[in-house]
Colleague: 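Below you will find the structure I want to go over with you.
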Amino acid sequence: MPARILLTTCSFQDTPGPHHAQLESQDFEVVRERGPLSEARMLELAGEFDGFLCGDDAITRAVIEKSLPRLKVISKYGIGLDKIDIAATKEFAIPVLFTPGVNHTTVAEHTFCLLLAMQKNLVETVNATRQGKWLRITGHELWRKRIGLIGMGRIGQEMARRAHGFDMEIHGFGNFWPDEIAAQYGVIRHDTVESLFAAVDIISPHTKLTKDTWHLINRERLALMPEGSYVVNTGRGELSDSAAILEALDSGRLAGYATDVMEEEPPPADHPLLAHPKVIVTAHIGSRTFESVPRQAKKSLDNLLNFLSGSGPIACANGVIPSDE
């Protein structure tokens with residue numbers, strides 16, 4: 001009987017690449033859904049699959065329990081694990097595989113795309129010229145601006161490289177500190193996140209979502225920044241307190257907010273951030289390129305295939321099985 005796999009990640013399904021032929025060559029029964037799926041939808045599907053090849057679907061304790069005893073593995077397309085109940089996967093010995101090291105370049109590029117778009121008023125001026133108007137708005141340089149990076153993992157390091165290229169003053173905060181990279185690009189280390197906020201003009205979080213980082217960017221910390229500052233968020237929507245962001249935008253504390261992620265995706269059509277004149281929102285496409293999607297898709301599929309065959313390298317995130325990364 002072939003393994004039955006639930007495939008939910010839209011990037012995997014929508015973007016061309018060799019991962020499609022690789023998946024089709026397997027003796028699997030593949031059920032395709034358009035994620036991210038809610039807990040309610042996951043509960044409707046749970047119980048009939050040997051493996052999940054998932055994106056940011058709500059894989060809660062209830063979903064995991066209903067998926068047993070058939071579910072053997074969860075292969076995450078990506079690195080964010082906050083939508084998966086990791087404690088429950090450990091309790092029931094379900095390995096959670098993930099894909100580190102495949103999208104950090106793409107995410108850093110998208111972060112700078114958003115940052116430059118804010119500084120140069122790109123969206124407003126392009127919209128104007130498309131309407132036949134010649135709108136000339138004065139923008140800002142990134143040169144010598146002070147950027148604060150929260151998290152100095154792979155994406156934070158790529159951000160430091162690019163910020164150095166713009167001759168920015170780079171500040172950083174994080175539990176992990178890459179001494180060699182920090183020295184190479186002159187990253188100023190902060191012992192507290194409050195110190196970081198008080199020292200910079202731009203905040204860019206690149207840290208995982210946990211109970212400690214939920215609403216990391218909040219009213220109290222935004223108040224530490226100078227008037228006319230910026231926040232760009234390509235991490236998780238929940239890292240930012242949307243109400244606090246809106247207050248800071250309306251008061252002038254923030255001159256702009258750009259984000260690729262929202263607390264609810266897709267957000268309600270009337271979400272106030274979507275129409276705010278100082279906000280740029282992209283639809284969680286920071287890692288969705290023709291280059292990075294095949295890398296990420298192949299990694300997630302290789303993880304799945306190697307686990308099911310019992311051979312080959314596996315990147316396991318929850319420690320249920322030894323990881324080769």
Colleague: To the closest 0.5 Å, what do you measure between CD (Glu65) and CG (Leu71)?
Modeller: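 Atom-to-atom, Glu65:CD and Leu71:CG are 12.5 Å apart.
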Colleague: Tell me yes or no: between the side chains of His140 and Gln119, is some donor less than 3.5 Å from an acceptor?
Modeller: no
Colleague: For Thr60 and Glu39, does a side-chain donor sit closer than 3.5 Å to a side-chain acceptor?
Modeller: yes
Colleague: Same cluster for Met118 and Leu249 if Ile/Leu/Val/Met/Phe/Trp/Tyr side chains link at under 4.5 Å?
Modeller: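 No, Met118 does not connect to Leu249 through the hydrophobic network.
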Colleague: If we check side-chain hydrogen bond (donor to acceptor under 3.5 Å, both in side chains) with Arg288, which of these qualifies: Asp260, Asp14, Asn103, Thr282?
Modeller: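 Exactly one option meets the side-chain hydrogen bond (donor to acceptor under 3.5 Å, both in side chains) with Arg288, and it is Asp14.
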Colleague: Closest heavy-atom contact between Leu222 and Phe197?
Modeller: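 Reported closest heavy-atom pair: N-CD2, 4.3 Å.
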Colleague: Compute whether any side-chain donor of one residue and acceptor of the other, for Ser75 and Asn303, lie under 3.5 angstrom apart.
Modeller: no
Colleague: Under a 3.5 Å threshold, yes or no: a donor from one side chain and an acceptor from the other, between Thr106 and His104?
Modeller: no
Colleague: Regarding Lys83 and Glu238, does a basic nitrogen lie under 4.0 Å from an acidic carboxylate oxygen?
Modeller: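 Yes.
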Colleague: Can you tell me how far CD1 of Ile86 sits from CD1 of Ile74, rounded to the nearest 0.5 angstrom?
Modeller: 7.5 Å
Colleague: With side chain to side chain contact (heavy atoms under 4.5 Å, CB included) as the test, pick out the partner of Ile150 among Asn233, Thr213, Leu196.
Modeller: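 Among Asn233, Thr213, Leu196, the one meeting side chain to side chain contact (heavy atoms under 4.5 Å, CB included) with Ile150 is Leu196.
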Colleague: What's the shortest heavy-atom distance between Gly80 and Arg236, and which atoms?
Modeller: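 It is CA-NH2, 3.3 Å.
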Colleague: For Ile202 and Met225, which heavy atoms make the closest approach, and how far apart are they?
Modeller: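 Closest approach of Ile202 to Met225: N-CE, 4.1 Å.
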Colleague: For Thr15, does its backbone N or O pair with a side-chain atom of His20 as donor and acceptor, under 3.5 Å?
Modeller: yes
Colleague: Centres of the Phe166 and Phe112 rings: under 6.0 Å?
Modeller: yes
Colleague: For residues Met42 and Ile94: do they belong to one hydrophobic cluster (side chain heavy atoms under 4.5 Å, members Ile, Leu, Val, Met, Phe, Trp, Tyr)?
Modeller: yes
Colleague: Could you pull out the closest heavy-atom pair between Tyr77 and Thr99, with the gap in Å?
Modeller: C-OG1, 4.2 Å
Colleague: Please give me the minimum heavy-atom distance between His206 and Ile155, naming the atom from each residue.
Modeller: ND1-CG2, 3.3 Å
Colleague: Could you check whether Ser240 and Tyr257, counting side-chain N and O atoms only, form a donor-acceptor pair closer than 3.5 Å?
Modeller: yes
Colleague: Same cluster or not: are Leu116 and Leu149 linked, directly or through other Ile, Leu, Val, Met, Phe, Trp or Tyr residues, by side-chain heavy atoms under 4.5 angstrom apart?
Modeller: yes
Colleague: If I compare all heavy atoms of Pro100 with all of Arg154, which pair ends up nearest, and what's the gap?
Modeller: CB-NH1, 3.5 Å
